[in-house]
Amino acid sequence: MLSSQIKSNEIVFGSCNKDLLEEIIFYGIGLGAEFVEIFIENTDNSSLLAEEDFITSVSPSFGRGAGIRIFKGKKDGFVSTNDLTKHGLIRSVSQAIEMLDITDNKREVFNGLNKHRDYSLSKKNWINEVPSIHEISEKLLVSTKSLKKNNKIITRKGSYSRNLQEVIIASSDGTYVSDIRLHQTVGLNVIASEAQYRSSGSRRFGSSGMPNEFRIWDHEKAANDVFESSMNMLYADYVDAGQMPVVLANKFGGVIFHEACGHLLETTQIERGTTPFENKLNEKIAHESLTAIDEGISEGSFGSLSVDDEGMEPEKSVLIKDGILKKFISDRAGELRTGHKRTGSGRRQNYSFAAASRMRNTYIAKGEYSKEDLINSISEGLYCKSMGGGSVGATGQFNFAVEEGYLIKNGKLTSPVKGATLIGEAKEVMPKISMCGNDLELAPGFCGSISGSVNVTVGQPHIKVDSITVGGR
Amino acid sequence: MNSREITTQISKAADFLNLKKWDYGASFSNDYSVQVDKGEAKQLKASQKQILTLRVWNQSNLVGITTTSDISESGIKKALKLANIASDFGNKNESTEFSPLAKDPIKVKEVKTRNPVGIKKLLTLLREAEVKLIESHESIKSVPYNGLSESFFERVYANSEGAFRSYSKSQAALYLYARAEEKNKKPRSSGSVKLGYGADDIDIESCIKEASNKTISHLNYSSIKTDKYLICFSPESFLTIINAFSSMFNARSIIDGVSLSNKNSIGEKLSTEALNIYDDGLHEKNISSTPFDGEGTPTKRLCLINRGRIENFIHSESTARIFKTIPTGHAGLGSKVSVSPDWIVVEKSEENFDLKTSLDHSTYEGEFVYIEELNAIHAGVRASQGSFSLPFDGWLYKNGKKISIESATVAGDIKYLLKNIVNIESNQEVTTSGISPHIWVDELSITGDA
């Protein structure tokens with residue numbers, strides 16, 4: 001008997017689970033659910049840490065689980081479980097139905113699942129193509145060795161993480177999808193010290209769907225970059241606080257847009273009533289030089305995906321075009337509650353989170369200026385070469401740390417400064433992004449929000465903000 | 001399988017694979033939570049979770065580890081095999097052993113496990129709380145961030161030498177973050193969090209009152225001039241700072257070179273002699289307490305700063321062995337065992353003669369900045385360098401008036417901050433992360449928009 005013909009009482013990855021999934025969905029619809037969605041995952045992860053010249057941690061992990069979401073009107077019940085048997089899944093549906101207190105007799109129609117869309121067909125061998133623990137450990141050790149460039153470097157670390165996630169998504173609108181996602185990330189960190197001076201440097205690199213990416217990663221170039229950053233900052237003075245123009249570097253400089261504006265364009269923020277842009281569609285919210293995009297389709301980028309966690313293929317969404325707000329980032333619940341069409345942005349950390357509208361690869365489009373044009377236009381300000389993390393508060397205030405900064409005086413970069421934090425409000429800062437460079441580059445990152453931590457890409461060319469509050473000493 | 005059966009299963013599978021030495025930590029939980037939006041249920045959530053972290057020692061006494069949520073017979077076998085493979089890459093420079101205290105008796109507080117009240121009651125309670133909070137002031141228009149949850153969990157540690165510890169408990173949490181809006185003003189938001197052993201234990205009224213008062217108190221706001229100010233840290237904000245720089249007391253961080261302290265820092269004067277800091281995971285007010293750590297070491301009260309000087313570091317088994325002391329009950333099971341504090345308690349010592357006791361946040365009439373809550377800790381703290389630059393919610397007290405501060409950061413250096421403590425108020429307040437009085441610090445930099 002072929003595996004696809006076996007009527008299993010448990011979800012089996014790599015087999016056809018259509019009958020069982022339909023049975024579960026029929027069960028939920030029969031009890032009065034308006035919509036039933038099943039998200040099932042099987043994970044195979046591993047991470048390694050190299051410190052100085054030794055591997056100090058190897059952590060494999062694996063697991064599986066299901067998240068079941070039931071909608072009734074605009075409210076939803078979500079149940080997650082590690083039990084992938086028919087009994088376990090039925091119990092979860094029952095629990096969700098009970099939570100929503102569904103008692104009416106109105107029944108939705110479920111016509112069964114559509115033809116299986118299997119995005120995993122070309123990806124099944126990835127698990128065998130990714131580097132082995134031995135291979136990873138050797139390259140990590142070469143990388144940390146490359147960081148040992150002088151005796152001021154007192155701490156050297158290299159870390160690698162690989163997440164392989166196999167997913168099955170089925171829902172009562174007929175969606176039936178399978179996919180395999182592969183994310184690899186590698187980071188280098190140093191701490192430099194001399195006398196009373198201390199500095200640190202770090203860089204993170206990441207990819208999706210590219211099993212060979214770690215093998216071809218240029219560790220020497222990365223190590224040089226991290227080393228130079230820590231040396232440049234070792235004797236840096238604290239920045240003087242105040243309002244000033246700043247130039248934000250490309251790549252991870254894009255975190256300002258991610259934090260300051262991107263989050264406020266997620267429909268979850270409209271649902272909460274916490275975005276100032278709720279009623280601003282087709283209105284000017286930013287400087288006319290600014291166009292911003294969120295997409296999930298750039299090959300290999302950390303935030304790219306073949307299909308989102310609700311079974312929709314990701315689209316390229318132009319959020320802001322020449323300063324005009326054009327679109328919000330939306331998921332199924334967002335569409336239901338706010339009316340904004342789904343954009344293939346329903347994402348979650350894993351099965352234990354309900355999907356929510358989340359950014360993917362989000363960046364400011366390139367402009368016409370060179371980096372030098374931007375710096376030359378400032379008589380006194382700050383150049384933010386490398387950014388740390390950031391966050392946005394409940395009223396739209398954002399902040400993020402500058403890891404590597406330089407003063408700008410009379411159009412030239414001068415001394416390095418540390419301790420800077422950029423703070424502001426999206427509504428006020430967006431119109432002040434007056435110049436965009438022509439050197440767009442992306443950088444990987446992790447974004448934590450309502451549906452957990454997801455892989456994203458931030459990016460931008462060099463940009464100039466006419467005035468922003470710089471926190472310092 | 002229950003925890004005893006899992007232990008037996010692991011033991012059998014380890015024998016089969018000829019693995020003589022192993023240990024594991026596991027947690028099993030059932031969680032229920034609700035969120036509401038203007039009286040309507042928004043998302044109702046339930047989850048059943050299980051997680052097993054398994055370590056094995058190979059014949060060279062190197063350790064390998066695997067974590068899984070698949071606690072079936074086949075899942076356990078697979079985890080043991082993977083851990084055994086990982087042990088080939090075990091850390092040769094720093095050995096790991098069982099905690100010598102893994103079989104010592106543990107002090108278990110009276111276990112306050114409640115029965116689930118159920119989603120419907122959680123929803124009713126939260127709906128009522130949302131209504132009351134919105135009705136508490138005309139400017140409060142919504143409660144965009146809210147949630148009521150209850151969790152029931154069991155934690156387990158066991159090893160191949162017969163140690164077995166298990167602990168079950170329940171916990172509930174309520175958070176209410178209100179948003180206030182007034183014409184021609186920016187929206188303001190603040191909130192409150194309360195914990196209890198069960199939903200019925202949570203003081204919902206005080207959570208509503210606190211969220212309302214805090215939100216309303218920020219309605220009249222103004223920018224602040226960039227300058228150095230006398231600062232009063234709320235208990236919550238001071239505990240945030242201490243936790244953010246707890247690597248100063250963390251033996252793991254010291255060994256890794258990412259702490260401001262070193263092996264010889266015991267006895268180093270960090271602050272006024274009036275300052276005592278303890279880590280006290282078993283404190284009766286700590287609702288999240290667990291009686292043992294990830295390695296099975298009993299949790300205990302430990303003095304970190306005694307009369308301004310570093311008294312102890314927190315340890316795992318391996319860091320304690322390196323420092324020639326005993327584990328302190330602060331380990332987290334992992335391939336590289338982590339070390340972290342439980343619950344910080346800040347006190348005024350008896351050596352408090354140098355304090356400026358006239359500085360009391362409720363009576364002082366001079367100019368100062370009151371920091372209610374620090375934000376974005378992950379972005380604004382450089383623990384290995386000792387520096388911080390953090391946005392905060394707070395007020396400027398000036399000429400007998402207080403006005404909420406709009407969009408500002410406080411920046412400084414942790415050692416400077418500790419050395420410049422000028423008063424420790426007498427009354428301690430219980431927060432969700434520990435206990436502390438109000439702490440006054442002289443001359444910290446504030447950056448504002450004014």
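Just so it is clear, the structure is predicted and the values come from calculations on it, not from any experiment. Just so we're on the same page: letters track the sequence lines, and every chain starts at 1.
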Side chain to side chain contact (heavy atoms under 4.5 Å, CB included) between Arg198(A) and Arg382(B), intermediate numbers included: CA-CA 10 Å; Arg198(A) 264 197 169 205; Arg382(B) 292 275 172 275; over 6 Å; no
Choice from Gly90(B), Gly191(B), Gly75(B) maximising heavy atom contacts with chain A below 4.5 Å: Gly75(B)
Residue, of Val79(A), Val470(A), Ile68(A), that accumulates the most heavy atom pairs under 4.5 Å with chain B: Val79(A)
Side chain, backbone, both or neither of Thr155(A) within contact of chain B (heavy atoms, under 4.5 Å): side chain
Contacting region of Tyr238(A) [heavy-atom separation from chain B under 4.5 Å]: side chain
Atom pair CZ/NZ of Arg337(A) and Lys42(B) - distance to nearest 0.5 Å: 6.0 Å
Side chain to side chain, Asp37(B) and Glu271(A), heavy atoms closer than 4.5 Å: no
Region of Glu428(A) that comes under 4.5 Å of a non-hydrogen atom in chain B: side chain
Most contacts with chain B, counted as non-hydrogen pairs under 4.5 angstrom, among Gly273(A), Ser92(A), Ala333(A): Gly273(A)
Proximal component of Ile70(A), with respect to chain B [non-hydrogen, under 4.5 Å]: neither
Side chain to side chain contact (heavy atoms under 4.5 Å, CB included) assessment of Asp256(B) paired with Glu51(A): CA-CA 8 Å; Asp256(B) 290 349; Glu51(A) 293 177 280; 3.7 Å; yes
Minimal non-hydrogen separation, Gly448(B) against Thr469(A), with atom names: O-CG2, 4.2 Å
Top of Val34(B), Asn91(B), Leu44(B), Thr447(B) for chain A proximity - count of heavy-atom pairs under 4.5 angstrom: Leu44(B)
Spatial distance of atom CG (Asn45(A)) from atom OG1 (Thr66(B)) [nearest 0.5 Å]: 11.5 Å
Closest approach of Ile154(A) to Gly257(B) (non-hydrogen atoms, all atoms of both residues): CD1-O, 4.3 Å
Interchain contact, Ile55(A) with chain B, by part (heavy-atom threshold 4.5 Å): both
Residue, of Ser47(B), Ser445(B), Pro391(B), Ala46(B), that accumulates the most heavy atom pairs under 4.5 Å with chain A: Ala46(B)
Thr67(B) side chain vs Ser61(A) backbone, donor-acceptor pair below 3.5 Å: no
Sidechain-backbone polar pair: Ser389(B) side chain, Gly472(A) backbone, donor-acceptor under 3.5 Å: no
Chain B contact via Glu98(A) - side chain, backbone, both or neither, heavy atoms under 4.5 Å: backbone
Distance-minimising heavy-atom pair for Ile65(B) and Pro60(A): O-CD, 2.9 Å
Residue among Gly380(B), Ala86(B), Ser87(B), Gly412(B) with most heavy-atom pairs under 4.5 Å to chain A: Gly412(B)
Which portion of Ile133(A) sits near chain B, non-hydrogen atoms under 4.5 angstrom: both
Spatial distance of atom CZ (Phe89(B)) from atom CG (Leu49(A)) [nearest 0.5 Å]: 14.5 Å
Euclidean distance, Arg272(A) CZ relative to Asn146(B) CG, rounded to 0.5 Å: 8.0 Å
Qualifying residue for side chain to side chain donor-acceptor pair (under 3.5 Å) with Gln385(B), from Ser200(A), Ser193(A), Ser199(A): Ser200(A)
Contact origin within Ser407(B) toward chain A - heavy atom pairs under 4.5 Å: both
Heavy-atom proximity to chain A below 4.5 Å, by part of Ala83(B): neither
Top contributor to chain A interface from Lys228(B), Lys141(B), Lys120(B) [non-hydrogen pairs under 4.5 Å]: Lys120(B)
Proximal component of Val63(B), with respect to chain A [non-hydrogen, under 4.5 Å]: neither
Chain B contact via Phe353(A) - which portion, at a heavy-atom distance below 4.5 Å: both
Atom pair CG/OG of Asp31(B) and Ser80(A) - distance to nearest 0.5 Å: 8.0 Å
Region of Asp413(B) in contact with chain A, defined by heavy-atom distances below 4.5 Å: both
Region of Thr421(A) that comes under 4.5 Å of a non-hydrogen atom in chain B: both
From Gln48(B), Lys45(B), Lys49(B), residue fulfilling side-chain contact (heavy atoms from CB on, under 4.5 Å) relative to Ser352(A): Lys49(B)
Residue, of Lys92(B), Glu40(B), Lys186(B), that accumulates the most heavy atom pairs under 4.5 Å with chain A: Lys186(B)
Nearest-0.5 Å distance, CG of residue Asn82(A) to CD1 of residue Ile51(B): 8.0 Å
Contact winner vs chain B - Met387(A), His134(A), Lys427(A), Lys74(A), heavy-atom pairs under 4.5 Å: His134(A)
Main-chain N/O of Phe62(A) paired with Thr68(B) side-chain donor or acceptor, under 3.5 Å: yes
